[in-house]
Amino acid sequence: MTTLSVVVPVRDGERYIADALTSLCRNARHDFEFIVVDDGSVDGTGEVVADFAGELPGLTVVRNPSPVGLADARNTGLSAATGRYVTFMDGDDWLAPGYLTRLVEAIDGLGCDFVRADHVQVEGRKRVVHRAPAARRGAVLDPCDAILPADVRTMVDYPYAWAGIYRRSLGDLLRFPGSLHTAEDRPWIWRLHQEAASFAVVSLAGVFYRRMVAGSLTQVGDERQLHFFDAFELVFKDVEPRFLPKAVRNFCALLGHHLELGDRFTPELRARFEERGAQMLRALPVELVAGSVARMSAEREAALRPVLPDLPPSPHVRVRRDREET
């Protein structure tokens, strides 16, 4: 029986995929499988992955003839998975030796639906541990209880699918909205916390998350960034009324973050982005939007101002939590 399936989507990852797979070799066990989904790469990714066929036990490669995007690539890997548990790793990240075994031990010992973990953010030679925003560690909790309060960073502000391990029996709860090419993890984490029965957070930081990678969607300002709005339309469609203040706060903070980075957009795309943002904000309860903006930094409010023409200016003394949510 396979204990763990590791799904690794990658597209044009020739530069980093060897690091990722080498780290998996240092985590391999006879009951682990590693499913690499090559999402239509046109560089040497396929050849690098093929070189690991004899080194990484349990390696399976699925190739998409043309790119389908991160969400559907992960879904392809999920469909091929046979493990009792599943986790994810992006093709430009890597894992600490023995990390996967410790993840399995954590979810085995706790017996919950999913376990979230901390991670290490990497920018060049800089390493910073980012903690999952839950104070209580190593205890089984109700996922709904980890959504609020609205104005504090909570587990729905920590959407990284690769920072955790999940029972594959969760089924469709683990699947990503395939229509999205960015922000696919936002409706995913909200649905997981509203519908799963139990979860836990453990103090384990074994994922090394590589930031500022050229070509990644966090660095690119093309039309795929508009999928941010599609993602939050899915969040608002399914959100329980008691959680709506948190969802609005989450959306406003992230919208401000995108607008602060607006120089990466062409003037035409920036205009479309602002128009879409204004439309969505007008559809939300004005008191929730006003309350969210009032607790933002002056800089972020200024970035939001073009899409908030009817909202009066907020006081200049604010709780500066907005940057923690991006």
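Along the sequence shown, residues are numbered consecutively beginning with 1. Since this is a predicted model, take the numbers as computed values, not measurements.
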So, do [X] and [Y] sit near enough that their side-chain heavy atoms are less than 4.5 Å apart?
X	Y	answer
Arg11	Thr45	no
Leu148	Thr154	no
Ser79	Arg175	yes
Val307	Phe273	no
Asp38	Val49	no
Leu244	Pro285	yes
Thr101	Leu4	no
His193	Cys144	no

Exercise. Parallel under 30°, tilted from 30 to 60°, perpendicular over 60°: which one fits the rings of Trp94 and Phe208?
Worked result: parallel
Return the minimal non-hydrogen interatomic distance between [X] and [Y], and the atom names on each side.
X	Y	value
Leu259	Ala303	CD1-O, 3.4 Å
Ala106	Val202	CB-CG1, 4.1 Å
Cys252	Val289	SG-CG1, 4.4 Å
Val86	Val7	CG2-CG2, 4.0 Å
Arg116	Pro159	NH2-C, 4.1 Å
Ala139	Arg136	CB-NE, 3.6 Å

With [X], which residues qualify under side chain to side chain contact (heavy atoms under 4.5 Å, CB included), at least two apart?
X	result
Asp90	Pro9, Leu70, Arg74, Asp92, Asp93, Trp162
Pro57	Ala28
Asp72	Val68, Asn75
Arg125	none

Problem set entry | Chi angles and distances behind the ring pair (Phe, Tyr, Trp, His ring centres under 6.0 Å) call for Tyr158, His119 | CA-CA 11 Å; Tyr158 190 77; His119 71 275; 5.6 Å; yes
From [X] [atom1] over to [Y] [atom2], what is the distance, rounded to the nearest 0.5 angstrom?
X	Y	atom1	atom2	answer
Phe199	Met155	CZ	CE	5.0 Å
Ser292	Leu255	OG	CG	11.0 Å
Met280	Phe232	CE	CZ	8.0 Å
Glu274	Leu308	CD	CG	10.5 Å
Ile35	Met89	CD1	CE	12.5 Å
Arg191	Leu174	CZ	CG	8.5 Å

Exercise. Do Arg84 and Asp108 meet the salt-bridge criterion of a basic N to acidic O distance under 4.0 Å?
Worked result: yes
For this session: Flag the pair Asp157 and Arg249 as a salt bridge only when some basic side-chain nitrogen lies within less than 4.0 angstrom of an acidic carboxylate oxygen.
Result: no
Ignoring hydrogens and geometry, is there a side-chain-to-backbone donor-acceptor pair from [X] to [Y] under 3.5 Å?
X	Y	answer
Glu55	Cys25	no
Glu33	Thr82	yes
Arg186	Ile189	no
Asn27	Gly98	yes
Thr87	Gly164	yes
Arg168	Gly83	yes
Arg300	Ala253	yes
Ser198	Cys112	no
Trp188	Pro177	no
Asp113	Ala197	yes

Please determine whether residues [X] and [Y] belong to a single hydrophobic cluster, defined as Ile, Leu, Val, Met, Phe, Trp and Tyr linked transitively by side-chain heavy-atom distances below 4.5 Å.
X	Y	value
Leu288	Phe251	yes
Tyr166	Tyr99	yes
Phe236	Leu226	yes
Ile107	Val6	yes
Leu180	Leu192	no

Problem set entry | Residues Leu24, Val8; criterion side-chain contact (heavy atoms from CB on, under 4.5 Å); working and verdict | CA-CA 10 Å; Leu24 292 181; Val8 187; 4.0 Å; yes
Exercise. Among Phe176, Phe114, Phe34, Tyr160, which one satisfies ring-ring contact (aromatic ring centres under 6.0 Å, His included) with Phe88?
Worked result: Phe176
For this session: Take Arg137 and Asp118 through the salt bridge (charged side-chain N to carboxylate O under 4.0 Å, His left out) test and state the conclusion after the steps.
Result: CA-CA 11 Å; Arg137 301 291 174 111; Asp118 307 323; 3.1 Å; yes
Problem set entry | Those residues that, when tested against Thr3, pass side-chain hydrogen bond (donor to acceptor under 3.5 Å, both in side chains) (two or more places apart) | Asp31
For this session: Check salt bridge (charged side-chain N to carboxylate O under 4.0 Å, His left out) between Glu233 and all other residues, then give those that pass, not counting sequence neighbours.
Result: Arg276
For this session: Could you give me the CA-CA distance, side-chain angles and deciding distance for Tyr85 and Leu103, then say whether side-chain contact (heavy atoms from CB on, under 4.5 Å) is met?
Result: CA-CA 10 Å; Tyr85 306 123; Leu103 264 187; over 6 Å; no
Exercise. Step by step, would you call Gln225 with Leu269 a side-chain contact (heavy atoms from CB on, under 4.5 Å)?
Worked result: CA-CA 9 Å; Gln225 296 296 343; Leu269 186 58; 5.6 Å; no
Exercise. So does Arg26 have more than 12 non-hydrogen atoms from other groups sitting under 6.0 Å from CZ?
Worked result: no
For this session: Give the intermediate values and the outcome of side-chain contact (heavy atoms from CB on, under 4.5 Å) for residues Ile147 and Gln194.
Result: CA-CA 8 Å; Ile147 296 175; Gln194 289 185 105; 4.0 Å; yes
